[in-house]
Chemist: 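First, the structure itself, so that you have it in front of you.
Not measured: the values here are computed from a predicted model. Starting from 1, each residue takes its place in the sequence as its number.
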Amino acid sequence: MKSAIPCLSLFSMLTVLVSSALAQTITLPEFLDLVKAKHPLFEREALAVDMAGVDRDANLGARDWRLSSSPSYFHQTPLPTSPFTPKAVDQFAAGAALEKVFWNTGGRFAVSWTSDFTDQDIEDIVIPNLGTISTGEPKFYQNQVLVSYTQPLFQNFKGELDRLGYDLSQYSVDMTSVQAAENQEQFLLDMGTRFIDWVLLTERKTFAAEQLGLWEQQLDQTRRKREANLVDEVDVLRAVDAVRIAEQNVVLVEAQWQAKQAELAVLSRSQELYSLNPDFNLYEVVDSESLDSASDRLKAQSRLLKVLALRREQMERQYQGFKELTKPQLYLQAQLASKSGDSELGGALGLNKSDAGVFLQFSYPLGNRKARADVTKNQLQIRHHDLETEDVVMNLEAGLHNLLIQMQGLERVMALNAQQIISARLKTQEELKRYNQGRGDLTFVIQSQDNEERARLTYAVNAATYQSLNLRLKALLDELLIKDS
């Protein structure tokens, strides 16, 4: 029964070490590239930009040619108010029109064709002893072609209002694109943090395997000493207990490591990850940067600030539209018509008559309070937006200072951790030497090795925290997501 414990623990340790040695590795950039290529979030965010572009292009429909048609039939039985009143009137009409809006001028061009046929049931007037008076042709055909152009002279001059919807939508497209990149980067930050957790578990797995190997050796030595009556049986029991605790730790950390590996494999949609180990220098310290330099980069690169800047430009463009609505409406319209009419269909096709006209149309609501209120509200919104931007800048800079100061503090702590590990290892060696010389107690050896293990684990945890903070710093500076284009 005594030999079962070291054999089992040795097998567990060898399994961990061999699997780690044989497995291929994956770096953090490689993992993030894998996530970008396969996770649906990235395609979803790209589709959000495409949808915003479709919404923007829908405004271009206002520039399309518009075709309209209005065929009709009308039957009338007029009241007999005079001898010339027909008994019945049937009228057939058909027409079509094309209209086009020009965004560069704000003008409207239209061309239309109309054709109608009137059939009247009307009797000639009979005067006794004098004869019959004709009341006219009962059928009449008429055709007309009309060309018109309407040009705004004040409101919507040069198409300011016609382009407004498209221009505002373009800002929405730009903001959606920036926000999509920000969402992608935040997701990569989460994935990178999980990867670092996996790296930390890899370190813990290595520590646990090494600790188990040391206690197996110690158990073997203690048993030999017991057989030589150099130590008490309680030392053997203590060593067995230490091995069992180390075995439990190996199994627990291995399960946590495999769980994290499976989690990352699912999120990256990569079965290959099940055969990979993370390749990451957990203890690397990045080059320090001054607060002023980092703050300048933050203001120049922050996507959040870019979104706010685009939103302000959008509001300023909307202000131009509201200002345009405060102007009076004055339209200049020119028309030219060619027409013809005859009792015979063929005679009505000549278009031998013409009409021409120029018209002015003026409209202005007295007081115009609605448009003026919109202008005032827009200015207040811009001011509110500027104050919100100041608040965001302050929060970003506060977050930047927080991260940099934490990282600088952790750098000093990690240096102390490294010294503590050296000190703990030397103490363990001395305690072990005293115990082997019969001048110490195994309890002190166990305590010393536990202290050394805790020191190494603390160093690894602090290093993982440092690397996570570094990822957050890169995300804050918008340097974590590197676009392909």
Side-chain angles (χ1 to χ4, degrees), residues 36 39-66 100-106 152 155-189 298-327 370-396 475-485:
K36 285 190 289 184
H39 198 279
L41 177 135
F42 292 86
E43 183 179 357
R44 184 192 72 192
E45 294 298 330
L47 287 176
V49 179
D50 293 340
M51 289 187 294
V54 172
D55 289 339
R56 174 204 60 200
D57 293 342
N59 292 278
L60 294 174
R63 301 177 63 182
D64 295 338
W65 283 94
R66 290 183 176 273
K100 170 74 172 177
V101 176
F102 296 96
W103 277 10
N104 58 336
T105 65
Q155 189 181 112
N156 199 35
F157 183 65
K158 294 185 178 180
E160 282 291 329
L161 294 178
D162 292 332
R163 297 192 307 272
L164 180 62
Y166 182 87
D167 292 346
L168 295 178
S169 297
Q170 179 59 53
Y171 286 112
S172 297
V173 172
D174 295 338
M175 287 188 289
T176 302
S177 178
V178 176
Q179 187 61 53
E182 183 65 17
N183 294 342
Q184 292 171 353
E185 184 164 62
Q186 289 302 312
F187 181 74
L188 289 181
L189 172 61
L298 174 65
K299 294 176 182 177
Q301 298 175 180
S302 173
R303 293 193 191 93
L304 182 56
L305 295 182
K306 289 178 182 177
V307 170
L308 292 173
L310 287 169
R311 175 57 182 152
R312 193 183 198 285
E313 292 178 14
Q314 186 182 48
M315 297 170 71
E316 289 174 347
R317 179 64 183 93
Q318 197 168 37
Y319 170 77
Q320 296 175 3
F322 287 139
K323 284 290 290 182
E324 196 71 17
L325 290 172
T326 63
K327 298 178 181 180
K370 174 64 171 61
R372 295 181 186 277
D374 288 337
V375 170
T376 302
K377 181 179 178 181
N378 179 264
Q379 290 296 289
L380 294 175
Q381 288 175 332
I382 291 177
R383 177 56 183 160
H384 181 274
H385 178 80
D386 290 342
L387 293 174
E388 181 182 5
T389 301
E390 290 182 17
D391 179 64
V392 170
V393 171
M394 292 173 62
N395 283 317
L396 288 175
L476 184 65
L477 295 173
D478 291 320
E479 296 175 346
L480 187 59
L481 175 67
I482 300 177
K483 303 289 285 185
D484 296 332
S485 58

Chemist: Under the rule for salt bridge (Lys or Arg N to Asp or Glu O under 4.0 Å), what residues qualify as partners of Glu182, not counting sequence neighbours?
Modeler: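 Partners of Glu182 under the salt bridge (Lys or Arg N to Asp or Glu O under 4.0 Å) test: Arg303.
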Chemist: Output all residues satisfying side-chain hydrogen bond (donor to acceptor under 3.5 Å, both in side chains) with Ser172, sequence neighbours left out; order by chain, then residue number.
Modeler: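 Partners of Ser172 under the side-chain hydrogen bond (donor to acceptor under 3.5 Å, both in side chains) test: Gln314.
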Chemist: Could you give all pairs that pass the side-chain hydrogen bond (donor to acceptor under 3.5 Å, both in side chains) test and reach residues 377-387, with sequence neighbours left out?
Modeler: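 Counting only pairs at least two positions apart or across chains, the side-chain hydrogen bond (donor to acceptor under 3.5 Å, both in side chains) contacts touching residues 377-387 are Arg312-Asp386.
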Chemist: With sequence neighbours excluded, what pairs up with Lys306 under the side-chain hydrogen bond (donor to acceptor under 3.5 Å, both in side chains) test?
Modeler: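 For Lys306, no residue satisfies side-chain hydrogen bond (donor to acceptor under 3.5 Å, both in side chains) once neighbours in sequence are set aside.
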Chemist: If the condition is salt bridge (Lys or Arg N to Asp or Glu O under 4.0 Å), which residues does Glu388 pass it with, not counting sequence neighbours?
Modeler: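 Listed in chain order: nothing, the list is empty.
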Chemist: Can you name the salt bridge (Lys or Arg N to Asp or Glu O under 4.0 Å) partners of Lys370, sequence neighbours left out?
Modeler: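 By the salt bridge (Lys or Arg N to Asp or Glu O under 4.0 Å) rule, Lys370 matches Asp374.
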Chemist: Taking the inter-plane angle between the rings of Phe187 and His39 on a 0 to 90° scale, is it parallel (under 30°), tilted (30 to 60°) or perpendicular (over 60°)?
Modeler: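 Because their plane-to-plane angle lies in the 30° to 60° range, the rings of Phe187 and His39 count as tilted.
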Chemist: By the salt bridge (Lys or Arg N to Asp or Glu O under 4.0 Å) test, which pairs, at least two apart or in different chains, include something from residues 169-178?
Modeler: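 Sorted pair list comes back empty.
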Chemist: Name all residues meeting the salt bridge (Lys or Arg N to Asp or Glu O under 4.0 Å) criterion together with Arg317; count only those two or more places apart in sequence or in a different chain, and write none if there are none.
Modeler: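 Partners of Arg317 under the salt bridge (Lys or Arg N to Asp or Glu O under 4.0 Å) test: Glu160, Asp167.
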Chemist: Apply side-chain hydrogen bond (donor to acceptor under 3.5 Å, both in side chains) to Thr376 and list each qualifying residue two or more places apart in sequence or on a separate chain.
Modeler: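 Result, side-chain hydrogen bond (donor to acceptor under 3.5 Å, both in side chains) vs Thr376: none returned.
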Chemist: Compile the donor-acceptor pairs under 3.5 Å between side chains in residues 49-61 and protein atoms, sequence neighbours left out, one pair per line.
Modeler:
unit_1	atom_1	unit_2	atom_2	d
Arg56	NH1	Gln170	OE1	2.9
Asn59	ND2	Asp55	O	3.3
Asn59	ND2	Arg56	O	3.1
Asn59	ND2	Ser169	OG	3.1

Chemist: Just jot down the side chain to side chain contact (heavy atoms under 4.5 Å, CB included) partners of Phe157, sequence neighbours excluded, or say none.
Modeler: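 Once residues adjacent in sequence are excluded, the partners of Phe157 under the side chain to side chain contact (heavy atoms under 4.5 Å, CB included) criterion are Gln151.
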Chemist: For Asp64, check side-chain hydrogen bond (donor to acceptor under 3.5 Å, both in side chains) against everything at least two apart and list the hits.
Modeler: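 With neighbours one apart ignored, the set is empty.
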